[in-house]
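Heads up, the thing below is written out as structure tokens.
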Amino acid sequence: MSLDNFAIIESTLREGEQFANAFFTSDQKVEIAKLLDAFGVEYLELTSPVASPQSRLDIERIAKLGLKTKILTHVRCHMDDARVAVETGADGIDVLFGTSSYLRQFSHGKDIAYIIDSAQEVIEFVKGRGLEVRFSSEDSFRSDLVDLLTIYRTVDKIGVNRVGIADTVGVANPMQVYELVRTLRGVVHCDIEFHGHNDTGCAVANSYCALQAGATHVDTSVLGIGERNGITPLGGLIARMYAYNPDLVRQRYNLPLLREVENFVANLVEVDVPFNNYITGYTAFTHKAGIHAKGILNNPSTYEILDPADFGLTRYIHVAHRLTGWNAIKQRAEQLKLNLPDDVIKEITAQIKALADQKRLSLDDVDVLLRSYHSQSVGEDKRDALPSA
Ligand code: HCA
Ligand code: CU
């Protein structure tokens with residue numbers, strides 16, 4: 001399986017609903033679903049229909065919208081839930097079981113034979129209804145490897161479409177993810193999904209390593225919202241995949257919509273988009289040091305692996321500070337349509353650096369200086385041109 005065949009399972013409307021500040025009305029869910037569909041994600045995962053009556057109605061409503069993206073709902077690996085889930089109109093059901101010793105001991109207390117029996121019943125039932133079914137084990141990285149592989153091998157034989165590995169507590173590192181997915185790839189024939197929490201900042205790297213090791217599906221949410229500090233952010237995964245294959249990402253996704261969907265969700269859950277957010281952060285395309293500015297002006301690829309124009313964004317060169325360089329100042333003069341020779345630009349740059357050693361400068365300060373030099377030089381030109389008395 002090649003990295004180019006990855007699919008995004010966008011879980012803002014499931015994992016994202018588990019974010020502390022999340023409350024989405026039915027209309028807001030529809031709006032998020034439509035935006036993500038227009039963006040081009042392959043799947044949307046929606047909160048379990050047994051979570052609440054409105055959750056069930058919302059799946060039914062979204063499933064009827066006729067979106068291009070496939071609709072999944074997410075339930076416990078239990079017939080009570082599966083019976084309701086198959087009636088919602090969803091295209092597929094993601095089922096989940098806790099296999100870690102913590103969950104077996106402190107949560108549901110079930111043994112592996114019981115897990116396999118329930119999985120078999122649920123998978124056969126969902127498949128019998130003609131729907132796609134995924135089986136995933138919660139807290140996979142703190143589960144016994146032999147147990148895990150036994151369960152996955154069995155569900156693969158039963159005919160599950162996909163098995164899922166979940167780093168529920170965000171404990172895994174990229175090499176561990178690679179190892180586990182690689183091992184699993186040798187054991188099952190079905191697709192493999194990765195769901196990674198971001199407690200130690202590894203979610204994007206872990207997702208990418210999962211794909212490198214043969215996973216086919218990655219779970220994301222807008223801005224990474226979810227339990228605690230969340231999961232793999234959609235924008236982060238997009239940035240990562242773009243770095244790997246820009247053409248593929250440009251073809252598949254409507255990239256300028258990323259900022260729109262992020263702003264929409266940020267607003268609903270009352271958070272700001274972080275300044276250092278992947279792609280859309282306030283400083284994501286801002287260049288500062290003189291050497292960087294010069295490189296960018298000559299060829300943006302010198303310091304940019306992502307082209308802001310692909311995302312409907314623009315780069316910004318920050319010139320008003322002591323790390324500035326004359327190439328950046330010259331560019332600013334040109335933007336202002338002030339024609340000044342290079343030696344004058346260099347003199348102005350020296351002045352800006354001296355001033356910036358004293359205080360924080362604004363772009364206005366730079367502009368005032370450029371303009372005053374310019375009017376001086378124009379004045380001199382005019383004087384030169386005056387007829388001599
Ligand atoms: C949870 C469940 C889950 C499920 C992931 C999956 C997790 O909220 O605890 O279905 O693959 O992180 O384990 O989000
Ligand atoms: Cu999760």
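Note that ligands are numbered from 1 as they come in the structure, with each ligand's atoms numbered from 1 the same way. If you're wondering where the values come from, they're calculated on a predicted model, not measured in any experiment. Every heavy atom of this structure was used, including side-chain atoms; hydrogens, water molecules and symmetry mates were not. If you read the sequence from its start, that first residue is 1, and numbering goes on from there.
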*Pair Arg56-Glu87, salt bridge (Lys or Arg N to Asp or Glu O under 4.0 Å): steps then yes or no*: CA-CA 10 Å; Arg56 180 176 179 166; Glu87 299 299 337; over 6 Å; no
*Does the side chain to side chain donor-acceptor pair (under 3.5 Å) test come out yes or no for Glu17 and Thr47, once each step is laid out?*
CA-CA 8 Å; Glu17 259 214 300; Thr47 296; 2.6 Å; yes
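By the 6.0 Å contact criterion, CE on Met175 is open, its count of non-hydrogen atoms from other residues, nucleotides or ligands being 12 or less. Within a 6.0 Å radius of CG in Asn339, no more than 12 heavy atoms belonging to other residues, nucleotides or ligands are found. Atom CG of Leu323 has more than 12 heavy atoms from other residues, nucleotides or ligands within 6.0 Å. Other residues, nucleotides and ligands place more than 12 heavy atoms under 6.0 Å from the NZ atom of Lys353.
Taking the charged nitrogens against the carboxylate oxygens, Asp343 and Lys346 have no contact shorter than 4.0 Å, which rules out a salt bridge. Note on Arg162 versus Asp94: salt bridge recorded, some NZ/NE/NH1/NH2 to OD/OE distance being below 4.0 Å.
Protein atoms of type N, O or S found under 2.8 Å from the Cu ion (ligand 2) total 3.
Contact of the Phe39 side chain with the Leu234 side chain is registered, since non-hydrogen atoms from C-beta on lie closer than 4.5 Å.
Listed as neighbours of ligand 1 are Arg14, Glu15, Gln18, His74, Leu96, Arg134, Ser136, Glu138, Ala166, Thr168, His195, His197, each bearing a heavy atom under 4.0 Å from the ligand.
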